[in-house]
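The structure under discussion appears below in the form of structure tokens.
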Amino acid sequence: MQVKKAYSIQMEKTISGKPAGHSNKKFALDRGSAAIAIDHKKIVNRQVKKKVLRLDIDGMTCSACTARIEKVLKKMKGIESINVNLATETGVLKIIEDVVSTNDVIEKIQHLGYGAKVKSAEADKKKARAEKYKKQKQKFFISACLSLPLLYTMLGHLPGNWAVPVPAILLNPLIQFVLAAPIQFYAGSQFYKGAYQSLSHHSANMDVLVVIGTSASFLYSVLEGVRSFLYRGYEPHLYFETSAVLITLILLGKLLEARAKSRTTQAIAHLLNLQAKKANILLGITEKQISIEGVKAGDVLVVRPGEKIPVDGEVIFGETAIDESMITGESIPAVKRPGDQVIGATINKNSMVHMRATKIGKESVLGKIVQTVEEAQGSKAPIQRFADRISSVFVPVVAGIALLTFLSWLFLIDPGNVERALVSSITVLVIACPCALGLATPTSIMVGSGKGAETGILFKGGEHLEIMHKVNTVIFDKTGTITEGKPAVTDIELYHDKALSYLVSVEYGSEHPLAKAVVHYGIQMKVEREAVSELQTITGQGVHAVIEGHHVIAGSRKLMSHHMVLYQNKLKRAEELESQGKTVIFIAIDGKLAGIIAVADTIKSGAREVVSLLKEKGIEVQMMTGDHERPAMAIARDLGIEHVYSSVLPGQKAEKIRKLKGQGKIVAMIGDGINDAPALAEANVGIAMGTGTDIAIEAADLTILGGDLDLVSKAFRLSHAVMRNVRQNFFWALAYNSAGIPIAAAGLLAPWVAGAAMAFSSVSVITNSLRLKKFN
Ligand SMILES: Nc1ncnc2c1ncn2[C@@H]1O[C@H](COP(=O)(O)OP(=O)(O)OP(=O)(O)O)[C@@H](O)[C@H]1O
Ligand SMILES: [Cu+]
Ligand SMILES: [Mg+2]
């Protein structure tokens, strides 16, 4: 049954990732021969009760912490999803406001022993981070200065001629205690705090390992010292330097980590820097310069040539050309007249204009981009959950191995030697600490998606970066994706004197690229437009309207057949035009064919290269279009694409992708139109052209700013580079541990060497991630 009714698109996207291969999107499309009415507000309103809550979370030390917060909060009522990121120290939650309040969530996290507050502005955060860094640095220096004399005493233990004379005072247990205690309890207090928090919630993080390790050597040394006071002549075996150096090195590691981390978040700062800092506001007839934060929607702003457009808005006076390349990728400046929309951060080239601010801050185009990038950087790739799982079992396992080491030394290897047993087990504890594992994925994802954003590839989440490198089938949409989407009318044949006027009038109400071509042509030819009623867009087929009491339809031959319009006598002419790669629009008035009009679009530069690049990688390339077979084939042949699906209706596009997925293929769909939205949502990876419709962008997993096809192959390369980087990070994170544990258990490693290895494993992971910045 085909009912004429508006059909709506339902979209549900979650922030958190699901395992690769599973689409986390639902896209219901009831098909019919009817008009499509897509209401943006409706999509938003559906989720009005739900709120995305962004928090700054403080005090997490390793991925065991993130795992615990996620686990506990997931159990709370009203929390739909939660994603805590160690690298950015943030949490993104989806909550149902009626059920749970922001305060409930914050209290819960605080109860777990972490600091939590609603995400502050980037500037506040920077300040807080800088302060923390300063304090951390201070602690490190104190601890390093106190450790040096202790370290010096170790030189006295060097074998044979290497031994260095050590002043007796440094060997005094009391002096050593005085040097070591501040390190243990002041500089090292953060580890005690962390360990206490962790243990009081029945879990163990890396702080626990550090605390057990350092406290054991400290306490043992204290006992030895006491003994030497009680029994004259007793030679105490002091290990103060072990705990001191360990803490110093771990603090150094943290310091280096913090510094490297701040470099990974530069992409956002870079984006925010695009924004204008000041705006000239017009108050009556006087003009005043104010800072950008002071601009409100509705303000009238003056923008002179050479200045940046301060916020999103609408031109109300003047005419100018604006360079929008940073947002749209379009290198030719766009002409803007009163009534035209302008985008914040773009550059006014020609002359002064007045504009009315419409969207500011988070609502603006740039604000949304920043938000997307932030979310992507804070989200998790499926592979990270794997890392989180490993590290959450790691700590107890390691504690077990350390205990085993202690017992086997004490009872089997060197019976009765508490000291040897203790040192070996401490070393095991320290070297096995999996702190770098928690950083392996998020730092790569962060640098990688930041790099993408800089180049014009906006990933909506880390999971897409990961899935993308598994893609083996890529499907391109034609119009607007492979072609410029700026078609021009080339041929025209009319059989009714009102045909052109009616056609231009109906197409005026359509967003379709073909419609724009017709409207543009109409303006050029100075065609009069008529009043239109009952306008309906039939997605994938054409448009319908009533003009001066006449039923006018324009679109594909499918639409004509559907309305029983006879077009067969013009079929030959149409096919002739189509073989040249042109798209033919049929016009019918009151059920009679009134004209055919041919429209041609140019293939984007770089299209051929992308296709051959993907094919080289062993990826299957296909094309899927709503257009007729002939023009589709003509273009496909030109590009070297063998598989073409033509005359596909929007719902069928998604169907086709579902089928391919069913065959076990991992599919990426690249499109721009409303007709592509369901397919973009269905594909494993949906890629939208930034020049395309909002609906497509919303449905997709990543957006190519400006619609540059080179960026498509770049996005694929980036995902491969990031995943390679993640694997390298896993290696660096685990290499020291796996190699170190047996050596440490055998008692062949000094505890401080283990401490250094642990610190450098974190540092090498972050350094490796930063290499992605050089990706080109
Ligand atoms: N506004 C319109 N005016 C005239 N014809 C239209 C209109 N919208 C759709 N059509 C007809 O329907 C066909 C399918 O449209 P659809 O939007 O699904 O795909 P397309 O834009 O041609 O190609 P692609 O799927 O590659 O983007 C078009 O080729 C055209 O013949
Ligand atoms: Cu560690
Ligand atoms: Mg298209």
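We count ligands from 1, going down the list as the structure has it; atoms in each ligand are counted the same way. In this chain, numbering begins with 1 at the start of the sequence shown.
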### Atoms in ligand 1 flagged as close to K653, the criterion being non-hydrogen separation under 4.0 Å
24 (P), 25 (O)

### Task
Going by heavy-atom distance to atom 14 (C) of ligand 1, choose the closest among A554, G626, P487.
G626

### Message
If you take the nearest heavy atom of each of G673, G540, G555, which one is closest to atom 12 (O) of ligand 1?
### Response
G540

### D477, L559, D676: member with heavy atom nearest to atom 24 (P) of ligand 1
D477

### Query
Relative to ligand 1, is D627 under 4.0 angstrom through side chain, backbone, both or neither, heavy atoms considered?
both

### Query
Is the shortest side-chain N to carboxylate O distance from R573 to E493 below 4.0 Å?
yes

### R557 NZ/CZ over F586 ring centroid, <6.0 Å and within 45° of normal
no

### Task
Could you list the atoms of ligand 1 found under 4.0 angstrom from a heavy atom of S510?
1 (N)

### Query
Counting heavy atoms not belonging to L566, are there more than 12 under 6.0 Å from its CG?
no

### Message
Please classify the T479 to ligand 1 contact at 4.0 Å (heavy-atom distances, strictly less than): side chain, backbone, both or neither.
### Response
both

### Message
So if I apply the side-chain contact (heavy atoms from CB on, under 4.5 Å) rule between S719 and each of H464, M468, E466, which one comes out positive?
### Response
M468

### Task
Ignoring angles and geometry beyond distance, decide whether T583 reaches within less than 3.5 Å of ligand 1 through its nitrogen or oxygen atoms.
no

### Query
Which of the atoms in ligand 1, numbered in the order shown and given with their element, are less than 4.0 Å from a heavy-atom of I585?
4 (C)

### Task
Please answer whether the main-chain N or O of S647 pairs with a side-chain N or O of K558 as donor and acceptor at a distance below 3.5 Å.
yes

### Message
Can you name the atoms of ligand 1, numbered from 1 with element, that are less than 4.0 Å from a heavy atom of H512?
### Response
1 (N), 8 (N), 9 (C), 15 (O), 16 (P), 17 (O), 20 (P), 21 (O)

### Query
Is any side-chain heavy atom of L614 closer than 4.5 Å to a side-chain heavy atom of F476?
yes

## Note on the structure
Near Q541 (heavy-atom distance under 4.0 Å), the atoms of ligand 1 are 6 (C), 9 (C), 10 (N), 11 (C), 12 (O)

### Query
Hey, is R658 close enough to E682 for a salt bridge, meaning N to O under 4.0 Å?
yes

### No-hydrogen, no-angle side-chain donor-acceptor test under 3.5 Å, Y502 and E548
yes

#### Entry: Donor-acceptor side-chain pairing of T483 and D601 below 3.5 angstrom
yes

### Query
Side chain, backbone, both or neither: which part of H628 comes within less than 4.0 Å of ligand 1 when only heavy atoms are counted?
neither

### Task
Compare E507, H544, R557 and give the one whose heavy atom is closest to atom 2 (C) of ligand 1.
E507

